[in-house]
Each structure stands twice: as C-alpha cells, then as structure tokens.
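Written below as structure tokens is the structure these notes are about.
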Amino acid sequence: MSRKKIVAGNWKMNTNLNEAIDLINILKTTTKQFSSIEKIIFPPFTFLNTAAEVLKSETSFFVGAQNCSEHAKGAFTGEISAEMLNSIACKFVLVGHSERRTYFKETNEQLVSKIQHAFKNNLHVIFCFGEVLEERKSEKHFDIVKQQLENVLKNFSEKDLDKIYLAYEPVWAIGTGETATPQQAQEMHAYIRKVIGQIFSTKAAENISILYGGSCNAQNAAELFSCADVDGGLIGGASLKADDFCKIIASF
Ligand code: PEP
C-alpha cells in the first residue's frame with residue numbers, strides 16, 4: 001500500500017452520546033470536500049456503533065477504536081475484542097498509545113497480541129510510539145524509537161505493513177501544548193523510515209504512512225504536514241473541536 005495523507009482524531013475519554021453524535025455529523029458534512037485525505041475518528045467504545053452507522057456510506061472517513069483486547073474472547077470482564085469491533089464496521093484500532101503504555105502498563109508482548117487479533121479480524125492498526133522527555137534530553141530518542149519499532153514489528157511480515165500506519169508521538173508533546181518543531185518531526189520521521197528499511201525493505205520504508213502526534217493543532221499542522229516524511233497527524237485535544245479538526249485536514 002502506498003503512502004496516504006491521513007488525519008486521525010483520538011477523542012480519548014471525552015464526549016457524551018449527544019456530543020458525540022453532533023460532532024460526527026458536523027465532521028461528516030464539513031470534511032466532505034477533502035475526499036483525497038483519509039479521515040479516521042477514534043471515539044470512546046460506547047459511541048463506536050453510532051459513529052460507524054453515521055459514516056457507513058463514506059469512502060474516505062472511517063471509525064476506529066482506541067484499544068482492543070489482547071485476547072480473542074472469554075472471561076475478561078470489561079474488555080472489548082477485535083472481533084466485536086469488526087462486527088460493528090469499525091475499521092481501525094490504536095495500539096501502543098503512550099497513555100495505554102503508561103497508565104495500563106501495556107507491554108510489547110501485549111501490543112503484538114493486540115495487533116495479531118486486529119489483523120485476524122480485518123482491522124487496520126495505527127501503531128503509536130515515541131520517547132519521553134528524559135530520553136530526548138539525554139539524546140536517547142533515536143535508540144528508544146528504534147527499539148519500540150523493532151520489538152513489535154519484528155513479529156510481522158512486510159505484507160502486514162499494508163495494514164499498519166505508524167504514529168510517532170513524542171510523549172513530552174502529548175497534551176502539553178509543546179509541539180515537536182517541524183525539524184524535530186522531520187528528522188525523526190526520516191529516521192523511522194530508515195529503521196523500517198532495515199527491518200523490512202526500502203520499498204516498505206517508502207510506502208508506509210507515518211503520522212505525527214503531540215499537540216498538533218490548527219495553527220501548526222500546515223508546517224508539520226509540509227515535512228517530506230510526515231504523512232499526516234494523530235490529533236488528540238484539537239480533534240474534539242469540529243472547526244479545528246477541519247482546519248487541520250485543510251492544512252495539507
Ligand atoms: C494523542 O493523544 O495521541 C495526542 C496527540 O494528543 P494531543 O493532540 O492532545 O497532544
């Protein structure tokens with residue numbers, strides 16, 4: 001699969017049912033003109049079915065889940081399986097978001113298992129990774145990102161990459177208002193492509209789509225998206241405001 005322009009919105013644990021319906025409907029209408037850009041929203045689980053219904057006839061606007069279980073089914077109270085997500089026309093799942101790694105202590109083994117279950121159930125994955133502030137300050141950020149990629153992706157084939165988008169999200173930039181500079185984003189995205197080239201092939205490195213995430217907003221998206229190796233954004237806070245999300249999509 002070749003590189004695409006993508007804007008994804010991670011709503012996290014925000015909105016109630018009415019707010020979610022309003023936001024989805026506004027986004028459906030206002031983003032119609034951007035048919036060459038793939039749009040994906042990640043509402044909370046409870047509103048996924050509604051979102052998938054509202055967007056079911058859309059060809060460039062999809063729904064994803066913020067997480068899925070590393071198990072197929074069974075006695076795992078409170079968990080949601082990849083099979084359940086597939087059954088409600090959900091197309092994507094986020095795996096490896098820093099909030100899941102930090103607050104829920106998700107390990108590489110769990111991330112691998114989640115991706116395997118996602119693939120078995122026809123879901124595409126946005127695989128998130130990125131360094132924390134200390135690691136950047138001590139100039140370990142390239143090594144950390146390489147490890148995060150290798151530890152998980154070595155379990156998959158080059159063909160599997162057709163179903164994966166990468167999201168580089170420096171943890172120090174998530175929800176902090178401190179965005180990576182376009183130079184920092186470009187430098188890391190070029191490095192990520194190099195690592196993908198080493199694990200798989202030059203062709204795989206050229207073809208994979210890599211999103212930037214971390215305080216990306218309507219003001220800074222254009223500069224970030226103009227970087228040669230940035231294929232779009234994974235947006236948190238700014239994806240909850242229809243106007244801002246639309247402006248970000250229009251930034252390409
Ligand atoms: C995120 O949670 O993936 C994210 C990028 O959040 P924010 O845009 O709010 O920094």
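When a ligand or atom number is given, it counts from 1 through the structure's own listing order. Given the structure is predicted, the values throughout are model-derived calculations rather than measurements. We're numbering straight along the sequence, starting at 1.
By the 30° and 60° cut-offs, the orientation of the rings of Tyr212 relative to His189 is tilted. Classified by interplanar angle (parallel below 30°, tilted 30° to 60°, perpendicular above 60°), the ring pair Phe252/Phe225 is parallel.
Ligand 1 has Ala173 within reach: a non-hydrogen atom of the residue lies less than 4.0 Å from it. The shortest separation from a heavy atom of Ala238 to ligand 1 is not under 4.0 Å, leaving the residue out of contact.
Scanning the protein heavy atoms around atom 5 (C) of ligand 1, the nearest turns out to be Glu169 OE2, 3.1 Å. For atom 9 (O) of ligand 1, the closest non-hydrogen atom of the protein is Gly237 N, 2.9 Å. In terms of protein heavy atoms, atom 1 (C) of ligand 1 is closest to His97 NE2, 3.2 Å. Scanning the protein heavy atoms around atom 2 (O) of ligand 1, the nearest turns out to be Lys12 NZ, 2.5 Å.
When each atom of ligand 1 is checked for a heavy atom of Asn10 under 4.0 Å away, the hits are 2 (O), 3 (O). Every atom of ligand 1 with a heavy atom of Gly175 under 4.0 Å away is listed here by number and element: 7 (P), 9 (O), 10 (O).
Following chains of ILVMFWY side-chain contacts shorter than 4.5 Å, one cannot reach Ile37 starting from Leu234, and the two form parts of different hydrophobic clusters. Hydrophobic cluster membership is shared by Val54 and Phe34, with clusters built from Ile, Leu, Val, Met, Phe, Trp and Tyr side chains linked at under 4.5 angstrom. Put simply, Ile210 and Ile196 are part of the same group of oily side chains (I, L, V, M, F, W, Y) that touch within less than 4.5 Å, one to the next.
Taking distance alone, with nitrogen or oxygen atoms compared against 3.5 Å, Gly213 stays at or beyond that limit from ligand 1. By the 3.5 Å distance cut-off applied to N or O atoms, Gly236 is counted among the residues near ligand 1. Considering backbone and side-chain atoms alike, Gly214 places every N or O at 3.5 Å or more from each N or O of ligand 1.
Taking each heavy atom of Val145 and Tyr168 in turn, the nearest pair found is CG2-CE1, 4.0 Å.
Of the heavy atoms in Ile174, both backbone and side-chain atoms come closer than 4.0 Å to ligand 1.
Under a 4.0 Å N-O distance rule, the pair Glu206/Lys203 does not qualify as a salt bridge.
Considering CD of Glu70 and CD1 of Ile115, their distance stands at 12.0 Å, rounded to 0.5 Å.
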